[in-house]
Amino acid sequence: MSAEGVMASEAEVFKGSSARMSSFVGAIAIADLVKTTLGPKGMDKILQSVGDPNNVRITITNDGATILRSVPVENPAAKVLVDIARIQDDTVGDGTTSVTVLCGELLREAEFLVNQRIHPMTIIAGWRTAVAIARDALEKAAVDNSADEAKFKEDLMNIARTTLSSKLLNVEKDHFAQLAVDAVLRLKGSGNLDHIQIIKKPGESLKDSFLEEGFVLDKSFGVGQPRRIENAKIMIANTPMDTDKIKIYGSRVRVDSMMKVAEIEEAEKDKMRNKCKKIIDHGITCFINRQLIYNFPEQIFTEAGVISIEHADFDGIERLAAVTGGEIASTFDKPELVSLGECALIDEIMVGEDKLIRFSGCKSGTACTVILRGASSHLLEEAERSLHDALCVLTETIKETRVVCGGGCMEMLMAAAIDKQIPTTAGKAALAMEAFSRALRQLPTIIADNAGLDSSELVTQLRAAHAAGNVTSGVDIMTGEVGDMQALGIREAYKSKLQVLVSAAEAAEMILRVDDIIKCAPRQREG
């Protein structure tokens, strides 16, 4: 009896070549969707939400992970590609488009081999051999300059420039590369990106963005409070400070005179006075609350010489607690259990027409804030995504200090290493290795195509250069010729390149192994 005969009536089964074809088509379609965004001259996509016509949200980006995260997909194989792009983004921060495109090209080659009656397991065996060879070649080509501080900083600058060259920030990549490297080096190897705050302020141009030492909070001081405090003791809290008249008049209270209402109001105020006294008794000079602070408690803090900051967003106070060494408090009966934050100076700064609060000399000593300026909110959002990718890559490079050449150089190097082993490989696995090599060469081909160059001519020249022993040759997009990536300073993180290779191969293998797709509704609960 067939599988369909024992399943519920609404279940569907796609078998054999039909299932495999469905997987190939879905995955290749997703790869083709982001293919045109690859490289320094890749194009952008406009992502537009559909639904409420009065609240249409538009995102303009060329970040592979952002595009794939925003596109709803039904095809199960396509979801695998979306997943590997997300993991690449979470793990390394860069290479999301590369991993998706490489996986798509591998599946395109696999489709051709399957149509030639080569069994999927034979293809997978050849791919595994090819990955091992490519990984070995990549490892040998990697360079580690971590022992020389000046050279390592130059490597970090080159990686940041290369990462940003395919993003919106390409026009000011030297400026933003310097910002990103300075910010990451302040972390002193901790890798905690929570200590780097990014604030977006519309106005002026991208080159007016700057790095501010210390933590900047996009809030303002209370009325009549000092605008500068030195050697501050900071309490960070998440507690209601909104007891006021509005609560009395918003409640149903039965009284026989207005005097009784005044007594209830006074009792409420006494509760708030006691709460504020407990907070002030901690010996603080600054009180930051996640929730609102109404006029009455703000007045009490002002009279006591304590500055108060209300409605600090949760992400903001989490970061502030981390960089000042404090903890978020919600009860104040036991001062000895509350950890206060410390910083050398709290003052007010102006960015454009907005006033922001700066915390300098924080306890952790690693905090900094990047203030992004730009013409529009869409521009600033894309600039933030681009800078975040650069920060993630640099953080990972400080942990895994090896670097490799970019510009399609490593893909050609790995493909050449695989080609050398093909004549010594017996059986049909050699065809799979050859297919893997072709898929790797597609990456520099696509980079050249996206720049409007003659990809066939460039890639054959690149292949000849690598065969002649010029193993640092890659595609120089600016001149449209083969260039020396070492001399041009085009670098990528070794970890990013390795993750692209391994993730794409594993995802393609997973999709290739599929021979049945079974669709059915979840089993209904009985009773």
Side-chain angles (χ1 to χ4, degrees), residues 20 23-24 26-28 30-32 34-35 38 64-65 68 76-92 94-114 118-142 400 404 408-422 425 427-446 492-515:
R20 201 169 285 120
S23 298
F24 287 161
I28 292 169
I30 282 290
D32 287 346
V34 295
K35 185 193 286 187
L38 187 65
L68 295 179
K79 287 182 179 178
V80 173
L81 263 69
V82 173
D83 197 42
I84 61 166
R86 181 184 58 78
I87 291 168
Q88 179 79 16
D89 193 41
D90 293 344
T91 308
V92 187
D94 194 30
T96 52
T97 305
S98 298
V99 72
T100 309
V101 170
L102 180 56
C103 185
E105 293 303 325
L106 284 171
L107 290 171
R108 209 186 299 273
E109 294 289 343
E111 184 181 7
F112 178 71
L113 293 175
V114 167
I118 297 175
H119 195 276
M121 297 314 291
T122 307
I123 300 170
I124 288 167
W127 280 2
R128 285 178 178 171
T129 307
V131 169
I133 296 165
R135 190 170 184 164
D136 187 50
L138 186 66
E139 200 163 331
K140 286 177 181 173
E400 168 53 89
V404 294
C409 171
M410 287 299 106
E411 284 79 6
M412 295 302 289
L413 181 78
M414 292 187 284
I418 295 166
D419 285 343
K420 280 183 186 174
Q421 295 297 322
I422 290 172
T425 306
K428 292 180 180 178
L431 296 174
M433 291 170 66
E434 197 176 337
F436 199 97
S437 170
R438 279 197 303 272
L440 283 170
R441 284 199 185 90
Q442 279 301 306
L443 286 174
T445 304
I446 292 164
E492 291 188 56
Y494 165 76
K495 184 173 181 181
S496 172
K497 195 59 79 176
L498 179 64
Q499 188 78 23
V500 166
L501 174 72
V502 173
S503 296
E506 286 177 354
E509 180 183 324
M510 184 190 296
I511 292 168
L512 185 57
R513 291 171 74 101
V514 171
D515 70 341

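Owing to the predicted nature of the structure, the values given are computational and were not obtained by experimental measurement.
Using a 4.5 Å cut-off on side-chain heavy atoms (C-beta onward), Glu105 and Ile446 make contact. In this structure, the side chains of Met412 and Pro444 come closer than 4.5 Å at one or more pairs of heavy atoms. Contact of the Glu509 side chain with the Arg128 side chain is registered, since non-hydrogen atoms from C-beta on lie closer than 4.5 Å. In this structure, the side chains of Glu434 and Glu109 stay at 4.5 Å or more apart for every pair of heavy atoms.
Gln421 CD to Asp136 CG: the interatomic distance, rounded to the nearest 0.5 Å, is 9.5 Å. Rounding to the nearest 0.5 angstrom, the gap separating the CD atom in Glu411 from the CG atom in Leu138 is 9.0 Å. Here Ile133 contributes atom CD1 and Phe436 contributes atom CZ; the two are 10.0 Å apart, rounded to the nearest 0.5 Å. Between the CD atom in Gln88 and the OG1 atom in Thr100 there is a gap of 8.5 Å [rounded to 0.5 Å]. Remark: Met414 CE to Leu443 CG distance equals 8.0 Å, nearest 0.5 Å. From Ile422, atom CD1 reaches atom CG of Leu431 across 9.0 Å, with rounding to the nearest 0.5 Å.
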Residues Leu512, Val114; criterion side-chain contact (heavy atoms from CB on, under 4.5 Å); working and verdict
CA-CA 9 Å; Leu512 185 57; Val114 167; 4.1 Å; yes
Would Asp94 and Ser496 count as a side chain to side chain donor-acceptor pair (under 3.5 Å) here? Give the steps.
CA-CA 7 Å; Asp94 194 30; Ser496 172; 4.9 Å; no
Set out, in order, the CA-CA distance, both residues' side-chain angles and the distance that settles salt bridge (charged side-chain N to carboxylate O under 4.0 Å, His left out) for Arg108 and Asp32, then state yes or no.
CA-CA 11 Å; Arg108 209 186 299 273; Asp32 287 346; 2.7 Å; yes
Let me see the working for Met433 and Lys428 under side-chain contact (heavy atoms from CB on, under 4.5 Å), right down to the final yes or no.
CA-CA 9 Å; Met433 291 170 66; Lys428 292 180 180 178; over 6 Å; no
Give the C-alpha distance, both sets of side-chain angles, the deciding distance and a yes or no for salt bridge (charged side-chain N to carboxylate O under 4.0 Å, His left out) between Lys79 and Asp83.
CA-CA 6 Å; Lys79 287 182 179 178; Asp83 197 42; over 6 Å; no
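Using a cut-off of 4.0 Å between Lys/Arg side-chain N and Asp/Glu carboxylate O, Lys497 and Glu139 are scored as not salt-bridged.
For Thr122 (side chain) and Ile118 (main-chain N/O), no donor-acceptor pair under 3.5 Å exists by modelled atom type.
With 3.5 Å as the limit, one finds no donor-acceptor pair spanning the side chains of Arg441 and Thr445. Between the side chains of Gln499 and Ser503, at least one donor N or O sits under 3.5 Å from an acceptor N or O.
By the 6.0 Å contact criterion, CZ on Arg135 is open, its count of non-hydrogen atoms from other residues, nucleotides or ligands being 12 or less.
Of all heavy-atom pairs between Ala430 and Thr425, the closest is CB-O, 3.7 Å. The two residues Leu81 and Ile84 make their nearest non-hydrogen contact at O-CG1, 3.1 Å. Here the closest heavy-atom approach between residue Leu113 and residue Ala432 is recorded as CD1-CA, 3.9 Å.
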